[in-house]
Amino acid sequence: MKETINMTANQPPEQRELRYEPQRIEEKWHARWESDPALYAAEPHDSKRKKFYVLEMLPYPSGALHMGHVRNYAIGDALARYMWMNGYNVLHPMGWDAFGLPAENAAIKNSVPPKEWTLRNVAHMKAQMKRLGFAYDWSREVTTCLPEYYKWNQWFFLKLYEKGLAYRKKSKVNWCPECATVLANEQVLPNGCCWRHEETPVQQRELEQWFVRTTNYSEELLAGIEKLDGWPEKVRTMQRNWIGRSEGALLDFKIDGAVTPGKETITVFTTRIDTIYGATSIQLAPEHPAVAELIGNDPGLLAGVEDLTREQARAREAGDVAAVEKHGVFTGRYAINPFNQERVPIWVANYILMDYGTGAIMSVPAHDERDHEFAQKYGLEIRVVILPRRTAEPPRNGEPEPPVLPYTEKDSLLINSGEYSELSNQEAIAKMSAYAEQHGFGKRTVTYRLKDWGISRQRYWGTPIPMLYCEKCGVVPVPEKDLPVLLPENVDITLQGGSPLGRVPEFVNATCPKCGGTARRETDTMDTFVDSSWYFYRYTNAKLADRALDTATVDYWFPIDQYIGGVEHAILHLIYSRFWTRFMRDLGIVHNDEPATRLFTQGMVIKDGAKMSKSKGNVVSPDDMVAQFGADSTRVYSLFATSPDRELDWQEAGVEGVHRFLSRTYRFVMRNGATSRAAQNKDGTGASARLSAKARQIQRKLHQTIKRVTEDFQGRWHFNTSVAAVMEFVNELYSVEDEVVAGKFPPALLAEAQRNVILLLAPFAPYLAAELWEYIGETEKNLLRHPWPAYDPALAKEDEITFPIQINGKLRGHVVLPAESAEETVRERVLADEKVRAAIEGKQVVKVIVVPGKLVNVVVK
RNA sequence: GCGAAAGUGGCGGAAUUGGCAGACGCACCAGACUUAGGAUCUGGCGGGGAAACCCGUGGGGGUUCGAGUCCCCCCUUUCGCACCA
């Protein structure tokens, strides 16, 4: 007999208690957990236990958590709790990426000081996180906008400067008019727009800025990617592309005819020196310095080049650079190919970029698609100089033109290349490079796409760059003892007129520490990506006052065992962090090369097929979900809807479904937990011989469930199937509830089943788990200190197997046999089966395929 | 254009090694209990067919006793890269 659950208030109290009320349960436990801050604290670094550092990317305190955050933290929290239960000393911290533009924009709009606005948001979001039940060690909280943190940004900057890794230069920089500040290359989207303002094209400005020499580590950052086998291949590829290494040679072409002394040559960069006999022109970027020299004052040519410059700029803004039609202007001048002394025309073309290589190329139309397109358009000669060995024959007249291919295969062969003909492409590159070096017109080189990191920002809400400009001594660093350079408060923030700090005389006017004379303070602040490049080290000892970090503590915790965040940081944050780790290693304060051994990038949360956004009106607020269904349901749904690496389409009905499942679990334990409590004998596993078939089935299913959930944690993190497995088991428990109520079910097994359901749910639904754990009378109050359940493979094993029987590969029936049946027995039993005999009547059995434990296929003719 | 991932019921998704396609959940349908049901419980639920059966994992070929899974060709979607010389 089943009890009826009634929602109305006039029901007997014992029935009302069966109603799952997440608000009541979660508020109760929330209060208890609040009063015990040590609950989720990691042990100190001299702990003998094995450590596990699980980290989720710290949020920007924009005002409120969104579902993407919830999902990210639900994944990390499940893992952290699982590792705790597996006996690890777990570090699971959280902090705030608290400097940045939105605070300033809010200040302008609502006249709230950025600090106030930020800290208020931090307080609110922290409360949200706690309400969601995430198990963070708040004693290690890091807030990057506080002097106790940014002081160390400044200290690191001084070290960068000291080591020659920070320098100041005037150069063209990316300027976002909307942000009213400079952006690093990494912060410009592929379409040439700002990473924050996805539709605002970035402009170029000439400014004097601080740069960090990330390129000193280009080679190492690239090589290191190979060892990061715990990172998604996608992220590794993106980083490889971003660093963009290419090996090649610089070659000087002499300009034919009269030129200004000192400007006699044009240097090209090529990765294919072996094709130089096929070079039939030189192509310059419109902004190449030699252009003025070559075209002089010719008004037609000047106008032509101007057009090319404009086309390039327009293409960059349109974001579809490769699709722009190639276009060029012949300068009327020639250069000399240093290998065969041939005169080749010099052109200016819109497809040549000034900021890669040297801004000049040798054009080989037969072996480069772009050059080919250009040459065809302007009727330039296309000369084949390399072919695969098998077809190493020049094309004859009347034959179709050979395909334009780069031909880099080992068995390729040069033709029409003087003394280098008959060499393979690799041999030719080696010999020709050596020849060029010997004769002083070229050298081997490696080019990278990665540029130095421009970190100056003309904004207020960031770390002040600790530098002074003295009239006498020039650039002078702030002495370490004077750190931090405090960010002044009550600053008038506008988007006009450069850095807001420049308008604060008390800040700007300083004394030179070298000569005691008057000095001017640097008024730019640091890119906020500096803050996030090393914050995870600070967690290991967040309160340390005299140093950025303690090396011994970092050595214990690092590298991070599992880093979890969005793929949108694949380049920006994750390249800067990798750089910063190496910089700190070379300072001798850390000993790891990489910050994190494993990286997991979770999928986006979308709704109705689109990214959640205010403008689309499809934003789901975590607060609403918690109010309606509770934190546990919200969290479990975010894991159950799909696997964590995939895009998640938020469906409220799905949250309801999860809520229903948790209710069912709650009700089952509330009804039957007392039996459990009474069962003092907790060894439910030993008595299998005496169990009824039904009880044995529950026991088997229990062990299978533990196995499935455990394997999901150890493998692919498909928590959707973990949750499904527990659902199946709870359904199974319901199927024997009649027996349970009638007292016919073994109490020890029932107790074991309920205990393990709670333990299996603990990483996903911590509130419900705590409530039920207490209810069944468990004494170890902190579930995280309770060992993760182990399964017994023998008990998980099926005694009997229902073999699917196929005839010629089509399913025709089933035969139930003991699991251990010998192949021969299976064959006999199957062929003796009535249905099988009927189906093969009058046919010849060719063979019988028995797949042990799986299925049987009878092949007949 | 190049590269990667994906394509399975009305929907979200299961099915690590080739072995019962559609677990689990949502929605839907029927029933039970109810004054009531947006609660709960029971059952059903890929398509066709009265049934036996037949068809079914984007499309087309192939390998195999057996293919969602492996191979070849094509289509679509998403993401990343994109005059990088």
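Convention: sequence-line order gives letters A, B, ...; per-chain numbering from 1. No hydrogens, no waters, no symmetry mates; every other heavy atom, side chains included, goes into these values.
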Looking at [X], I'd like to know whether one of its side-chain N or O atoms comes within less than 4.0 Å of OP1 or OP2 on [N].
X         : N       : answer
Arg449(A) : rA82(B) : yes
Arg660(A) : rA27(B) : yes
Ser246(A) : rA85(B) : yes
Arg240(A) : rA4(B)  : no

Which comes earlier along RNA chain B counting from the 5' end, the contact point of Gly359(A) or that of Arg716(A), where each point is its nearest nucleotide? Arg716(A)
Both Asn808(A) and His327(A) contact RNA chain B. Which one's nearest nucleotide lies toward the 5' end? Asn808(A)
Are any of the side-chain nitrogens in [X] or [Y] under 4.0 Å away from the carboxylate oxygens of its partner?
X         : Y         : value
Arg240(A) : Glu226(A) : yes
Arg444(A) : Glu247(A) : no
Glu652(A) : Lys607(A) : no

Could you work out which one of [options] sits closest to the side chain of [X]?
X         : options                   : answer
Arg812(A) : rC53(B), rC65(B), rG13(B) : rC53(B)
Thr270(A) : rG19(B), rA85(B), rG25(B) : rA85(B)
Arg667(A) : rU17(B), rC83(B), rU40(B) : rU40(B)
Val859(A) : rC65(B), rG13(B), rA85(B) : rC65(B)
Leu811(A) : rA85(B), rC24(B), rC20(B) : rC20(B)
Asn241(A) : rC65(B), rC81(B), rA14(B) : rC81(B)
Arg664(A) : rC41(B), rC83(B), rA23(B) : rC41(B)
Ala724(A) : rC24(B), rA14(B), rC20(B) : rC24(B)
Asn731(A) : rC24(B), rG13(B), rC20(B) : rC24(B)
His814(A) : rG25(B), rA23(B), rC20(B) : rC20(B)

Checking all strands, does [X] fall into the base, sugar-phosphate, or nothing category for heavy-atom contacts under 4.0 angstrom?
X         : answer
Leu648(A) : nothing
Glu647(A) : sugar-phosphate
Val851(A) : base
Arg708(A) : nothing
Lys234(A) : sugar-phosphate
Gln651(A) : sugar-phosphate
Asn857(A) : base
Phe803(A) : nothing

Using the [atom1] atom as the point on both nucleotides, what is the distance between [M] and [N], in whole Å?
N       : M       : atom1 : answer
rA21(B) : rG1(B)  : C1'   : 38 Å
rU77(B) : rG22(B) : P     : 31 Å
rC72(B) : rA5(B)  : P     : 13 Å
rG9(B)  : rG56(B) : P     : 14 Å
rA67(B) : rG61(B) : C1'   : 14 Å
rU40(B) : rU34(B) : C1'   : 11 Å
rA14(B) : rA30(B) : P     : 31 Å
rC71(B) : rA6(B)  : P     : 12 Å

Where the chi angle of rG7(B) falls, syn if within 90° of 0 and anti if not: anti
Length of the [atom1]-[atom2] vector between [X] and [N], whole Å:
X         : N       : atom1 : atom2 : result
Arg245(A) : rC81(B) : CZ    : C1'   : 20 Å
Met238(A) : rC81(B) : CE    : C1'   : 9 Å
Phe668(A) : rU40(B) : CZ    : P     : 17 Å
Ile807(A) : rC53(B) : CD1   : P     : 11 Å
Gln239(A) : rA4(B)  : CD    : C1'   : 16 Å
Met604(A) : rU78(B) : CE    : C1'   : 9 Å
Glu652(A) : rG12(B) : CD    : P     : 17 Å
Tyr351(A) : rG1(B)  : OH    : C1'   : 17 Å

Relative to each other, are the rings of Tyr351(A) and Phe374(A) parallel, tilted or perpendicular (30° and 60° limits)? tilted
Ring-plane angle category for Phe269(A) and Tyr356(A), please: parallel below 30°, perpendicular beyond 60°, tilted otherwise. perpendicular
Distance-only donor-acceptor test (3.5 Å): side chain Lys854(A), base rC20(B): no
Would you say the side-chain atoms of Ser722(A) and Asp712(A) include a donor-acceptor pair closer than 3.5 Å? yes
Glu737(A) side chain to Asn672(A) side chain, donor-acceptor N/O pair below 3.5 angstrom: yes
Intermediate values then yes/no, ring-ring contact (aromatic ring centres under 6.0 Å, His included), Phe339(A) and Phe441(A): CA-CA 10 Å; Phe339(A) 272 86; Phe441(A) 63 79; 5.5 Å; yes
If we call it a pair only when both distances are under 3.5 Å in a Watson-Crick or G-U wobble match, what pairs with rA21(B)? none
Is the number of heavy atoms from other residues, nucleotides or ligands within 6.0 Å of NZ (Lys377(A)) greater than 12? yes
